[in-house]
Structure formats: C-alpha cells, structure tokens
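A short worksheet on the structure shown next.
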Amino acid sequence: MKKYEHKKIEEKWQKKWAEKNMYEHKDDQSKEKYYVLDMFPYPSGDGLHMGHTESYTASDIIYRYKKLQGFDVLHPQGFDSFGLPAENYAIKTGVHPKETTETNASNYIKQMKMLGLGHDLDHLVYTSDLSYYKWTQWLFGKFFENGLVEQKTDKINWCPSCNTGIANEQVEDGKCERCKTEIEQKEVPGWFFKITDFAEDLINDLDKVDWPEATKKNQKAWIGRSEGAKIKFEIRNSKFEMNDEILNDENEKSNVVLVHGCPSDKEKEMEPETRTYDKHWQPWIKKELEKRGVEVSFPLMPYPWTPIYEEHKKEFEKLDINENSILVGHSCGANFLVRWLSETGQKIKKLILVAPWNEPSHKNKIKAEFYNISEVDYSFKNNISEGVIIFTSDNEEKIGKDTAKMWTDKLDAKLIELKDHGHYTEGEMGTTEFPELLEEVLQTDNQGVITDLEVFTTRPDTLFGATYLVVAPEHLLIKNKELKINNYNEVREYINKAKNKTEMERLESKSKTGVKLEGLMAVNPANGEEIPIFVADYVLGGYGTGAIMAVPAHDERDYAFASQMNAERTRKYAERTQTDAKKIEIRQVVAQKFVGEGENAIRKDKPMTERRTVDVIIKHWEKDEFFCLDWNKKTGKNWHSFVVGGVEEGETLEEAALREAQEETGYKNMRAVKQVGGEIHSYFYAAHKGVNRAPVKRNCIYLELTDGEWEEPAEEHTKNHDGVWVKKDKVAQVINLSELKIYWNIFIGKQDALFTGQGEMINSGQFDGMDSREAKKTITEFVGGEMTTNYRLRDWSISRQRYWGCPIPIVYSPEGKAKFVGEKNLPWLLPEDVDFVPTGTAPLAKSKELKERTEKLFGKGWTPEVDTMDTFVDSSWYFLRYPDPENEKEFCSSEKLKRWLPVDLYIGGAEHTYMHLLYARFFVKAMHKMGLIEFNEPFLKLRHQGMVLDKDGIKMSKSKGNVVNPNDMVEKFGADATRMYMMFAAPLDEEVVFKEEGVKGVYRFLEKTWKLFQDKVLTDCEGDCGEIPKELPVLLHKTIKGVTEDIEEMKFNTAISKLMIFINEFSKHEKVPRGAMEKFLILLSPFAPFIAEELWYSLRESQTDADLTRTNAEEVESIFNQEWPKYNPEMIKEEEIELVVQVNGKLRDKIKVSADISEEEAREKSLASEKIQKYTKGKEIRKVIFVKGKLINIVV
RNA sequence: GCUCGGGUGGUGGAAUUGGUAGACACGCAGGACUUAAAAUCCUGUGAGGUUAAACUCGUGCGGGUUCAAGUCCCGCCCCGAGCACCA
C-alpha cells in the first residue's frame, strides 16, 4: 500500500499540468461562457498571504466546477503593478520599480502554481506594462474628448510624506491610507473624473446585480443621495457705520481716535486709568471697536480743569488727526470733541458721539463754561466728510438726551437711540445692556439686500423653525467684502483655526464651535424674520451649498450648536454686563402625530373637534413618586394616565396645568417647574363624547407639590378615576398611552426632547396642520426654492505627483491649453531619466526626455503634464483587458467583449466595497455612455471572502508577528489540505480562524480518502447486484446533489462536510463500487485538485490492464476533462422515513413509516405508539398537525 | 453617536428558511494496537439527572405570535466591522 505523500504528488502534477498547458485558455465557442474573476493582487514583496489563498481557492473551485459542468471558463490573472510601495522601495534602495515588480510577480506566480490554482498564467496582465497602460491612456483620451475628465483647481487632501494628492476615499482617520501620515489641505490643480455625473445610475443599477446586501448598502451610503431643497435667504448688512474701514487695505485704513472721558471734581487729580469712565466705559468701547477690526488710539484728554492739562494737551496735539480720521467721544469726551472741532476747524472723516453729557447739569463753573455748547459754532460740520452719528440713551437724567437731540439737528447727524446706556452707582459703572443693544443696533440698521445665500436642506418643511443660518468656514460669503462683517478679525481667526484643526482634534472635541457674523443678518423667506448668521465648522464646505438653515428644534446638530452658543454667549455677556444675551430661539414647527387604531380610530361619520390639552406630570412633595390616574372604575381596564386637562382660551400652559392639577388631585400647593417635550397631536375617536378628537394638541408640564395640603376634589373629578401615587421606576410600566410615554421618557432623560421625525406642521402660518412630508414641496414652492437631489460623492481626483504610475497623456500649449497627446502617440511612455526622490514637485517634471519629446512632437513652448494617474484608474478596467490581453489594435476586440463580458462572478475582499468597485462601475458606465461597450454593470455577481485571523482570533499583521505564510502550510500539509481547510473552517464570507489543528483534521480526511482507494476492493457492481449494500449508491447520489447545490451557493464548508460523510461511510465497507468512487473524485477535484488527479490516474491506470486496453498513463484523460456527475432523483427518494411524532410540539417518538404515508395512517400509527399513549392517555385530542414526510404533532 | 453584521456545546461551525437544535470538524475522555510513545482505529462527548432509562432544562436577556420559534414580532444587553457632524 502506498502512503499519501502530498509533496510528491503535488510536485508531480504541478509539473505535468504545466507541460500540458492545462490552464491555457482557448476560446471554445461551442460552449457557454463563464467569466470568474479575482481581484488582482498588488505584487508586494511579501508574496501571497492567506487572504489571497482563501479567495483564489474559492474562485478556483468555481472555475473547476464550471469547467466540469461543460462551460468555457475564463479564469485570468494579472497584477496591479503600478503603485507606491515599489516606488518607495526604489527611493530607499535605488532598485527600479520595474525590477521589483517583476521579481515579486514571479514569486506570486510560483505560489499560485504551488497552490494548484488554475489561472491562465501564460496570459497575465500587468498594469505597468506599456501594452496595458497604452490603453489606460487611450481610455483617458476618450474620457477627455467626451468631457468626462476635467481639470480643476481644487482643495485636495495632500499627503506631505508621499508628496501627493490623495482621494477622500483613501484617507483613513485623517491619515494617508498607505503611510499613515496626517493629511493636509492643499490647493492643487489636477484632473478629475466626473463620477458625480453618474451618481444616480450608480445607485439605481445596484438593483440589477447580485451582490451582498451590505455592500450595496455601503455603496449607496457612500454616494449619499439625499433629496431636499435649495432655498435662498436674503442677506442684509446691518452694519455699524465704522465698518467701511474695516475691510479696507491697510494703507486706506482710517485712524480712530477715542478720547478719554472727563474726570469729576473728585477725580480730577487721579490718573486717567483709575477714573470711573476711563476705567469702565472707554476701555469697553475700545474693546468693542477693536473686536470689529478697528485699531484705536486712546489718548489722554486735555481737560482744562485738571492739573495735568498742559501735558495732555501736548500729547493730544501730537496725534495724527487728519481728513481720514474718525473721532469717537463718550460722555464729556463727546462734548470735548464738539468744542475742539468747532475751535480748531480740523477736517476729519467721521465723528461718533456716544452718550453726550447733559450740559445744564454742570455746576462746576469751568466745566459749564467749557461745555457751553449752545454757543458753539456748528459750521464745523462741513469739515466732516462722512457725517456724525450719535448714540444716546433715554433713561438717565445725566445723559444728554436734549444735547443729543440738539446736535442731531445742528450737525445733520444720525441718531441711534439706546434703551439703556448704563447705570452709575457708587462710583462704579455697573450693569448695562449697552453691548447687547449696540449689537441690536448693528442688526437693525440694515442697508438692504446685499446678496443671496443659498442653503441646501432635506427638511424644507421646517423652514419656519429656521432661526439662524450657518456657513462653512470656507464659504465664499465670508470673503465677500461688501458685507463688512463687524467682527471680521474674530471670524478670520476662527476660520484659520478651523482650517488648521486636524481631524483628530475635531473628533476629540465633540462640542460644536462657531462665531456669529456680527453686522449681518438673513431674512427667513417664509416669515420675513431676521435671523443671525454664524460660521461654524460643523458645516462642511464641500457638501451641498456649504451653508445650512439651522432648525434647532428638529435637528440634533443644530440643537447642539444652538444650546452651546446660547450658553456661551450668555456667559460672555454675563462676564461683561451681567445680563443675558439674546438667545437663539428653538422653535418647534413639526408636531409628532399619533392616530388612534381599532375602536379608537377616527370615524368619518362623527364630528371633528379640535382641542388643546396639557398633560401634567406631578411629583410628590417629598417622595420620588408621581401622581397618575387609574381609570379602572370607568373602563374596567388597568389603564393609567397622567392628569390631563383642557387649556382654556387665553390661558398659558402653566396656568392650565396648575388649575387642572389642583382640581383633579385636590392638592393645593404646587409650582410649575418646566415644560417637558414639545407639542404632540393625537387623533382619535372619543367614544364617551361621540366625537372625533382631531386633533388633540397636547403639551406637557412638570409640576412639583410643595406640601401635602389637600382637600377632597369635587365628585365630577373622581367619578371616572382614582388618583394613585406611583413610584418613579414603575411609571413607565403603568402608563398606557404612547404620547404620555414619550413625555415620560423625555422627562426621565431616556429620550431626546428633540423630534426629528415627520409629523404635522405647527407654528408655520398657513401651513399649520399640513403633513410635514407634503409641506416639503409646498413650502419650497412658497418661498421660490427648488427641490433638488444632492450627493455626498465628489468627483474623483486622479492626479498624483508620483513616478510609478501611468503618465497622464496630456500636453499643454504655450498658452496653457490642455491637449490629449493623440492616439498615434500612445503609449505615452513613462520616462526613464527620472530621480524618484520626492521633492514636492512631480518626478516627471525632472525628465529632460519627456520635455524634449513634447516639444519635438508639438512644437516649441509645449509642455507635458507631469502627474501620473491614481492606480485605481488602472484597476478600473483590467477585467475588460483579460479576454484579449495581447490585442494591439484595441483594448479588447468587440467580439471578445461581447462573448465574455460582463463578469459572471467576482470574488475579493470587502475592503474594496467603496473605492475600487465604485470606480470600476463608473468606468463601465462612462464607457457605455461613450458607446465603447454594450453593458453598463461590470460584475453580475459579487462575493467577498472573510478575513483570515490567527488561532486566537486576532488579525494577522507583520507587526504582531502572527502572519501565517501559505508556503509553510503547503510544505507541511500540502496545497490540497491548505485549500480545503480554508474552505472548510468557515463560510466564505465570514472570518476564518486559522488553526493548524484544523488543517490536520482536513489532512486526516485526505489520508482517509487516499487509504480508501488503496485498501478497498473496487467492484464494478453498481448496487443492484447484491455485492454491496444499497446505502452506498444512495449516499453517492445524495452527495452529488448536496455538493452540487452547495457549490452553486458557494457554501464550500458544508460541501466539504458532505464529502467527509461520504468517505466516513464508504470506509466502513469492504467492497465499494468503482463508479461511485470515480464520481466522488470528480466531486472532490475542485477542492483538492492534486490528490483527485493522482487517484483518478491510479484508478484508470489500474483499469488499463484489466479492460480498457490502454497502454500508458499519458492516455488517461485528466480528471478535469471529465463531466460533473449528475444525481438520480429516483435514487435518493426515501421509501422509508422516520416520522417525528410530537405531542404539544415536543418530540416524543420517532416511527419508521413509508415516505408517502397519509395523514390518516400516520395518525393511527403514532397514536398506537406506547410512548405517545403515555401523553395522550385520558386526554382529548384537540388537533393534529401533519407535515407530509416529516412530522405529526398531536395537540391535547 | 450613526450604519451594517453577529451572539448556537470547551472550540470552528451545521440546521432544507417556522417543523427532530448541535451535521461535519477540532479538542477532550475511555478503549484497541505498541515494551513505550507517536500515528491509526473504535467508543463517548450540550447541561442536569439516573446503574441504565424515564424525565427536566437548554440557541445573549425579557416578553409576544404559533399546534410548533435558533428562525417571525416588540423591548433590552453584549461583541465585531465600517463611517465620522453629509444639513
């Protein structure tokens, strides 16, 4: 008996198959085609890894199986041989990428042969070969001619280490996919494929293909289609007059002089910084001005009644006050300026007077004289080129309201009134709403429509709830100089910060940041309201219009931002002024809707009545218990609610809640704490009233009892229900109505108060009551917006500043116009005279040869494109080259295209779900559109292989040192065992845990198989001659059926288990039928080709002497030229089965019966069984369920 | 946080789509062969229970639908992968 020596056998057949050119593909038109494709490898120095082994084995099984079934199968292979690792290796070692590629590829080929993979390795495709990239360039030319590729200057992801642009899809965690360096943003001109043109088809056509659902979903998500509307908002400038200067160039900038206030009598000997006004008001105004981008000089004032008058006067005179100056004076500073201007006749640009002093109130003689402004000659107003603005306030005696009014007249000034200028108490400048008011002044002093801002939203229905806008930091609006953003410096700072923020930083701070654009506002087109505008980096420049309308009541991000801003601004103002800032309003415009069902359903024949109600959550005064109503009395059911009552005309929710709570509970003292959740609409039929409640508009208020003072409630409130106290953790169980549950969940913080769903419109003018889905379109139309579809997908940037890639076949005219090099100049060769070391410019720019070639062909002054293409371009069409790899005239002949494409089965890793598959699909669609091919989906069926993990279930990686090398496994157990284990260990698409023990198990199976062929007497008897028991041929046919079906569904693990069952069973017998053994070998051959071929030959050779009169082994046809066996349905038809007998669904007995037993008979027989009688005795048989050929269930 | 997968013996995994839970394999235990070990072969192997059986419990947890649930429905927990504010 020969031993199973896997090494010998495998070496032998590797050689023989090579000699016979077993896998060379020759078109056989008489057969039906099948195209099974692997994702081709990048030829790395590490060689094939276990993942390759798994997926290539799977495709090889299908290849062999289909071939045995009589298909003409194309099973090609190639190498994705352009790419970074070879170039990086070249940079390090100086070895040309071409060499590295060849060495590595030949190693791959050796490994593939070793594994017995039946790829046609004589017709390999290398993407770096000029016979291939010629056609990549040709296709680029076609795309160019058809406007499907264009040059754009765009901000791209830039890897500073690779010195190249990177597609969004190739960025992981803000890092370069290959080298893990942090990605920067850089403005680079480059070529872009217009993949977005095909977004719609790329989504829709997924329905046509047989792919894993998850992959389809991922592709759809990646393309990210969303339906919505574009809506225009008018942007108005509510500018502070100061702003003209702000955005102007440095040299035109005005100087602003803010003068100190005057000291009181008490203060006149104090240093200016310590005086009341100069301590508070002036620095504040200075700060506010500086915040708006204005540089302010702040000179000391030469008030004549101070001891340091002369000194200050000198300093003041030194100031460069000219026609371009803006003078700002506050309080007595204002008066001083008026006086000074009238006396000196100084020409200035603008005068701003804030809160002038009230002249008559001065008792101090010098002061009074100085301030005798009624005597002043006001003709100086002609010296002021842009006018005078006066802020005043109406609440303080001291503030010169009259003075201000007088000046307004005399100086033709513009008057802006503040409600409150501030209070002077005990020598301190105290509370003031001035900053807030100043901003309000800025907001309302609007200058008319400056521009439109378009936003994209998926929820146009919530437009009435849009209480602010947000633009992305990169939005052009901010760069619009006309707008004169007051706090431009602050905004600019924010934008710079946002730009420099790394992805990591953005992830770390989950909270949202942003800055209000002061001096700007937008008009909500739905209701004409003026709303603020913010810049914030939670809005992305590249998506939609780069601007959003924010609806904090119905969008989580907007809500988070609004809450944060409100808190922040409140804090900021509180620091400064101890008052609240104006808050962003969170306005609900969609109410969640509930519709009664069953007996509560709306009845068309009954009247509809609207009602406004309040649900009241009432907490016990000391215990953690809540007041609920038990309706058992009335309904007879265990039905609980909170206190619910109507809201009467003119009543607030809180008033109604308090009133109802007192009436219903009898408790007297309570306080309203807060509103819980928003408005909810309920529609139902109220049987006791005989009317439809359509709708009940409900809200919820939370009350706390302050003590237990109580009085029996009126009978009308207790006749229907009892009041009960329920513990906090029991409330959720007790409450029945969904609406109340929602309020409760919001109350206990289990559910967000935010409602992001669809419902019924409220607070939306004439649209109230409309379904929000319907309102989307209606409201969009109402405001002149446009319904659009938006995609997340962006155009595909393919320019790479690298050497080892396909040159972009473009040249530029002296004027800089791009031109395709033309078909006759293809291949547009990758130059050889290039230094690989990256310097930031593309390596090809250093090629003299390329430059000369361009000038020679196109004329002087012409320059070549020096970027190469993203390698994803190469891999986007390689499967089109496979059927015709040697064709020099076409990328693939039309006959071959017609015969072989599309691909019938594509197998590869799930990591290519997004990019590669999307790009390849895009290529096919674009080529289809250009009329180059007739189909528009490349891969009809797609399957992924799962990851291969080490024995502890950990991802294999070099750094962990747990990588299993296929070579070692083949050495130890042979290719057959390795292949089979990979297929047996888990379903193809799930993770494989690689355990050597497991490989041993499969090896044992192969040995057992081997032994079976050595030991057993083979008989030609096929089962009806009495020599062998009938079970064997039956098992054979079952195995054929099972294995065939499993392979069809690519359930290789169960197919192998069926082969094992076969061998286990056959091993038990002395004599086994030869025919069955032969058929078994064919079933085995796709999985374990070597041993199957060897045993096949040995079987046939031994037959040679006996009866086949063959003379040598060479004449035996390979097992792979045989026919896949078919099973005989008659054979596997069971005549006798084990009928399962259940009582009440529990297995109690099994009885042997004929397969076609009738229900009657089965019933009789099973009831006759002793075991069954044990359970049925004395009981009535209520029901019998009979499943033919399977089971009978007796219900007692 | 969102999306998609997935929770079945000691382990990898089966289960005709609602019909005998645990196929097949690994591991483990016992036995045979052997001076011995390895290899091989045989037997057993979800838990409890018993001399054995009967029987009971069992597919992440809780509930539901059904004659019957690993499979369907509702709620929750855990694990894995992917995505990163997509308006």
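Order of the sequence lines sets the chain letters (A, B, ...), proteins ahead of strands, with each chain counted from 1. None of the values given here were measured: they were computed from a predicted structure.
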- Given the P atoms of B:G10 and B:G22, what is the spacing between them in whole Å? 16 Å
- Just compare B:A14, B:C85, B:C4 and give me whichever is closest to any side-chain atom of A:T1054. B:A14
- Protein-nucleotide distance (A:L1147, atom CG; B:C57, atom C1'), rounded to Å: 15 Å
- Rounded distance in Å between the P positions of B:C74 and B:C4: 14 Å
- Item | Spatial distance of atom CG (A:L1147) from atom CD (A:Q1142) [nearest 0.5 Å] | 6.5 Å
- Could you grab the distance from atom OG1 of A:T1054 to atom CE of A:M1060, nearest 0.5 Å is fine? 12.0 Å
- Message: Does B:C67 have OP1 or OP2 under 4.0 Å away from a side-chain N or O of A:K1183?
- Response: yes
- Query: Separation of A:Y543 atom OH from B:C83 atom P, in whole Å?
  - Reply: 19 Å
- Query: So what does A:V993 touch, heavy atoms closer than 4.0 Å: a base, only the sugar-phosphate, or nothing?
  - Reply: nothing
- Note on the structure: With the side chain defined as heavy atoms from C-beta on, A:E990 is closest, among B:G13, B:A25, B:C86, to B:G13
- Query: Taking atom P of B:A25 as reference, at what distance in whole Å does atom CG of A:N1053 sit?
  - Reply: 13 Å
- Query: Regarding A:Q758 and A:S772, is there a side-chain donor-to-acceptor distance under 3.5 Å anywhere?
  - Reply: yes
- Query: Looking at A:F534, A:F233, A:Y559, which hits ring-ring contact (aromatic ring centres under 6.0 Å, His included) with A:Y468?
  - Reply: A:F534
- Value in whole Å for how far the C1' atom of B:C67 lies from CZ of A:R1163: 13 Å
- Query: Quick one: ring-ring contact (aromatic ring centres under 6.0 Å, His included) pairs with a partner in residues 976-1001 of chain A, sequence neighbours left out?
  - Reply: A:Y981-A:F994
- Query: Given the rule that a pair is Watson-Crick or G-U wobble with both distances under 3.5 Å, how would you write RNA chain B in dot-bracket, using | for pairs to a different strand?
  - Reply: (((((((..(((......[....)))((((((.......))))))(((......)))..(((((..]....))))))))))))....
- Message: Among residues at least two apart in sequence or on other chains, which ones pass side chain to side chain donor-acceptor pair (under 3.5 Å) with A:E1048?
- Response: A:Y65
- Check every strand shown and say whether A:F984 touches a base, only sugar-phosphate, or nothing at a heavy-atom separation below 4.0 Å. base
- Assigned chi class of B:G9 under the 90° convention is syn
- Taking the C1' atom of each, how far is B:G46 from B:A15, in whole Å? 16 Å
- Quote, to the nearest angstrom, the P distance that separates B:U59 from B:G64. 15 Å
- Sequence neighbours excluded, the answer for ring pair (Phe, Tyr, Trp, His ring centres under 6.0 Å) partners of A:F1052 is none
- Query: Between B:A38 and B:C33, how far is it from one P atom to the other, in whole Å?
  - Reply: 15 Å
- Message: Below the 4.0 Å mark, does B:C41 have OP1 or OP2 next to a side-chain nitrogen or oxygen of A:R1004?
- Response: no
- Query: Heavy atoms under 4.0 Å, any strand shown: does A:K995 hit a base, just sugar-phosphate, or nothing?
  - Reply: sugar-phosphate
- Message: Using atom P in both nucleotides, what's the gap between B:U40 and B:C61 to the nearest angstrom?
- Response: 38 Å
- Between A:N1064 and B:A25, is there a side-chain N or O to OP1/OP2 distance below 4.0 Å? yes
- Syn or anti conformation of B:U66, syn meaning chi within 90° of 0: anti
- Phosphate OP1/OP2 of B:C67: any A:R1182 side-chain N/O under 4.0 Å: no
- Message: Within the 4.0 Å heavy-atom criterion, would you say A:R1148 contacts the bases, only the backbone, or no part of the nucleic acid?
- Response: sugar-phosphate
- salt bridge (charged side-chain N to carboxylate O under 4.0 Å, His left out) with A:K230: which residues, sequence neighbours excluded? none
- Query: Any side-chain donor-acceptor pair under 3.5 Å between A:N1193 and A:K1183?
  - Reply: no
- Quickly work out the A:D1046 CG to B:G13 P distance and round it to whole Å. 17 Å
- So which of residues 549-564 of chain A are in contact with RNA chain B, with a heavy-atom cut-off of under 4.0 Å? A:R557
- Please give, in whole Å, the distance from B:C67 P to A:L1191 CG? 15 Å
- Message: Is A:K1051 close enough to B:A15 that one of its side-chain N or O atoms is under 4.0 Å from OP1 or OP2 there?
- Response: yes
- Residue mapping more 5' on RNA chain B - nearest nucleotide basis, A:N1193 or A:K1000: A:K1000
- A:N218 has an atom CG; how far is it from atom P of B:A84, in whole Å? 12 Å
- Message: At 4.0 Å (heavy atoms only), tell me whether A:G1001 reaches a base, stays on the sugar-phosphate, or touches nothing.
- Response: sugar-phosphate
- Item | B:C55 versus B:C2 - spacing of their C1' atoms, nearest Å | 49 Å
- Query: When the P atoms of B:A47 and B:G58 are considered, how many whole Å apart are they?
  - Reply: 16 Å
- Task: Please report, rounded to the nearest Å, how far the C1' atom of B:C4 is from the NE2 atom of A:H944.
- Result: 12 Å
